[in-house]
Amino acid sequence: ALSLRAGTPGPTSPEVDSDEYALIIQVDGATGSDITGDGSTAKPLASITGAIEAAGAPTADGRVAILVSQGVYTQPTFALKAHVEIFGGYAAPGGKRDVMGTPSILDGEDRRRIAIGADHARLDGFHLIRGRIRGKGAALLCDATSPVVANCVFRANRTLIPENWDPLLIHETGNDGGAVMILNGSRARLENCFFFQNSTECGRGGALAVDRAANPIIAYNVFANNRAGLDDPMRSSDGGGVSIFDWSDGEFVGNLVINNEALANNDAGGIFVALWAAPLITDNIFVGNAAGDDAGGLFIGGQEHRYGTPLDPYPPAEAFDVVVERNILAGNTNASHNSGASRITMESRVQ
């Protein structure tokens with residue numbers, strides 16, 4: 001395994017200490033029942049939604065853990081709940097945990113968003129696949145909420161192009177966040193996850209988009225083979241892997257960003273940072289990312305593309321200063337061959 005300083009990217013299967021929780025609820029889609037089950041190892045519930053309801057209204061001093069056995073779960077879109085932590089990857093109720101070997105799969109069936117975030121909540125060790133929505137965040141939406149999401153696999157999720165999409169100008173905001181959307185001040189933590197083959201039809205961040213003064217921690221994840229702009233006629237799909245936009249900060253640390261692509265003359269195959277966003281970008285590896293326009297690996301911009309309206313006043317250093325250190329960029333490309341590794345532009349301030 002490739003280690004980046006303090007961590008190893010990608011999902012792990014840590015044990016869950018039952019002593020930390022006031023209540024443990026077991027879920028097994030194959031053997032459980034929401035009617036006759038009680039959430040015990042012998043009589044598990046059948047659905048995650050049933051378990052969230054059974055958790056009641058826990059407090060910080062009485063947290064609830066939901067342990068979910070392997071299988072495919074096709075429940076409707078569900079919301080996480082405060083002080084409820086949901087763990088997947090168990091072979092059977094009370095059995096061993098292996099997130100990759102005995103997967104708990106949340107399947108959106110190419111018809112719906114899978115989950116919505118909540119404060120003081122955790123989603124850990126699930127495969128979120130085939131989320132699809134004509135909106136933002138096809139697998140998970142964290143709108144002004146700050147859950148912890150760890151050891152998850154996000155695969156084949158997609159946001160669809162907005163209805164009647166016919167903007168007069170380029171660089172308009174579409175349906176961002178092919179798998180995950182973090183916005184409106186969210187301080188979500190996204191750790192040790194694997195994003196693979198997620199996409200936007202028209203929107204920033206093929207795998208992950210951060211917007212509107214959000215400040216997440218994005219650490220030790222793998223972003224591979226994600227695409228932005230599958231059906232974009234007007235260049236509104238920057239960030240093949242990740243987009244961090246509009247005064248968002250936070251940290252992007254210890255991630256692998258591999259073979260992502262911004263299509264249709266969009267910027268930033270790997271990561272797009274713009275509109276006064278200023279995350280800490282450190283100890284990452286960018287390999288083989290490609291953009292139709294600027295910056296195969298990493299794009300950093302300050303001003304937004306503006307047409308017919310005044311530019312923003314230039315912010316002071318304490319409000320806008322992007323720090324980029326100890327990263328490796330190799331084999332990234334852009335179509336015009338002028339900024340394969342990185343482009344720093346539009347009144348940026350970068351160390």
Side-chain angles (χ1 to χ4, degrees), residues 11-109 111-131 139-142 145-155 188-189 191-193:
T12 62
S13 301
E15 294 184 6
V16 176
D17 185 355
S18 60
D19 292 338
E20 294 184 4
Y21 300 94
L23 176 64
I24 302 290
I25 300 174
Q26 300 282 351
V27 173
D28 190 298
T31 65
S33 170
D34 285 352
I35 298 173
T36 61
D38 58 14
S40 65
T41 299
K43 299 176 67 176
L45 299 179
S47 72
I48 295 170
T49 51
I52 292 172
E53 180 180 355
T59 65
D61 295 327
R63 293 178 299 147
V64 174
I66 298 172
L67 310 185
V68 182
S69 297
Q70 63 181 316
V72 179
Y73 296 83
T74 57
Q75 70 286 314
T77 304
F78 66 94
L80 304 180
K81 181 183 282 190
H83 310 303
V84 175
E85 303 187 11
I86 310 175
F87 299 89
Y90 289 90
K96 293 183 178 180
R97 188 181 193 214
D98 184 345
V99 166
M100 302 304 290
T102 51
S104 301
I105 300 170
L106 309 180
D107 188 355
E109 301 179 293
R111 294 192 297 174
R112 58 185 170 269
R113 178 187 288 131
I114 296 171
I116 299 170
D119 290 338
H120 310 297
R122 185 181 188 97
L123 187 69
D124 190 316
F126 288 89
H127 294 233
L128 292 85
I129 69 169
R130 299 199 299 169
L140 176 65
L141 175 66
C142 299
T145 61
S146 304
V148 175
V149 181
N151 304 306
C152 288
V153 175
F154 294 87
R155 178 173 59 82
R189 296 183 66 94
E191 303 169 339
N192 292 104
C193 292

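Just so it is clear, the values below take in all heavy atoms, side chains as well, and ignore hydrogens, waters and symmetry mates.
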Student: What distance do F78 atom CZ and I114 atom CD1 have between them, rounded to the nearest 0.5 Å?
Tutor: 8.0 Å
Student: Surrounding CD of E15 (heavy atoms of other residues, nucleotides or ligands, distance under 6.0 Å), is the total greater than 12?
Tutor: no
Student: Taking only residues two or more places apart in sequence, or in another chain, which ones meet P58 in a side-chain contact (heavy atoms from CB on, under 4.5 Å)?
Tutor: V64, K81, H83, V84
Student: If the condition is side chain to side chain donor-acceptor pair (under 3.5 Å), which residues does Y21 pass it with, not counting sequence neighbours?
Tutor: E85
Student: Rounded to the nearest 0.5 Å, how far does CD1 of I116 lie from SG of C142?
Tutor: 10.0 Å
Student: Go through it in stages, so that I can follow the logic: the residues are L123 and L128, the test is side chain to side chain contact (heavy atoms under 4.5 Å, CB included), and I'd like the CA-CA distance, side-chain angles, deciding distance and then a yes or no.
Tutor: CA-CA 11 Å; L123 187 69; L128 292 85; 4.2 Å; yes
Student: How would you list, by chain and number, every residue that makes a side chain to side chain donor-acceptor pair (under 3.5 Å) with T31, sequence neighbours excluded?
Tutor: D28
Student: Without hydrogens or angle criteria, can the side chains of T59 and D61 be said to hold a donor-acceptor pair below 3.5 Å?
Tutor: no
Student: For A65 versus F87, what's the shortest heavy-atom pair and its separation?
Tutor: CB-CE1, 4.2 Å
Student: Could you give the distance from CG (D38) to CG (L45), rounded to the nearest 0.5 Å?
Tutor: 7.5 Å
Student: Is it the case that the side chain of H127 and the backbone of V99 share a donor-acceptor pair, with hydrogens and angles ignored and the cut-off at 3.5 Å?
Tutor: yes
Student: My understanding is that only residues two or more places apart in sequence, or in another chain, count here; which of them pass salt bridge (Lys or Arg N to Asp or Glu O under 4.0 Å) with E109?
Tutor: R111, R112
Student: According to the side chain to side chain donor-acceptor pair (under 3.5 Å) rule, which pairs have a member within residues 42-52, sequence neighbours left out?
Tutor: D34-S47, S47-T49
Student: Between V27 and I86, is any pair of side-chain heavy atoms under 4.5 Å apart?
Tutor: no
Student: For the side chain of T102 and the backbone of Q70, is there at least one donor-acceptor N/O pair under 3.5 Å apart?
Tutor: no
Student: Nearest heavy-atom pair of C152 and P11: which atoms, and what distance?
Tutor: O-CG, 3.9 Å
Student: If you measure from CG on L23 to CZ on R63, what distance do you get to the nearest 0.5 Å?
Tutor: 12.5 Å
Student: More than 12 heavy atoms of other residues, nucleotides or ligands under 6.0 Å from CZ of R155: is that the case?
Tutor: no
Student: Within a strict 4.5 Å, meaning less than it, do heavy atoms of the I105 and I129 side chains meet?
Tutor: yes
Student: Any side-chain to backbone donor/acceptor pair from S69 onto A91? Under 3.5 Å, distance only.
Tutor: no
Student: Kindly give the heavy-atom pair with the smallest separation between P147 and G117, and that separation in Å.
Tutor: CG-CA, 4.1 Å
Student: What distance separates I48 CD1 from E53 CD, expressed to the nearest 0.5 Å?
Tutor: 14.0 Å
Student: What pair of heavy atoms forms the shortest contact from Q75 to L106, and how long is it?
Tutor: NE2-CD2, 4.0 Å
Student: Can you list the residues that meet the salt bridge (Lys or Arg N to Asp or Glu O under 4.0 Å) rule with D124, with sequence neighbours excluded?
Tutor: R97, R122
Student: Drop me the distance from T41's OG1 to I25's CD1, to the nearest 0.5 angstrom.
Tutor: 12.0 Å
Student: How close do A115 and T77 get, heavy atom to heavy atom, and via which atoms?
Tutor: N-CG2, 4.2 Å
Student: Please report the shortest heavy-atom distance between S104 and G89, naming the atom on each side.
Tutor: OG-N, 2.8 Å
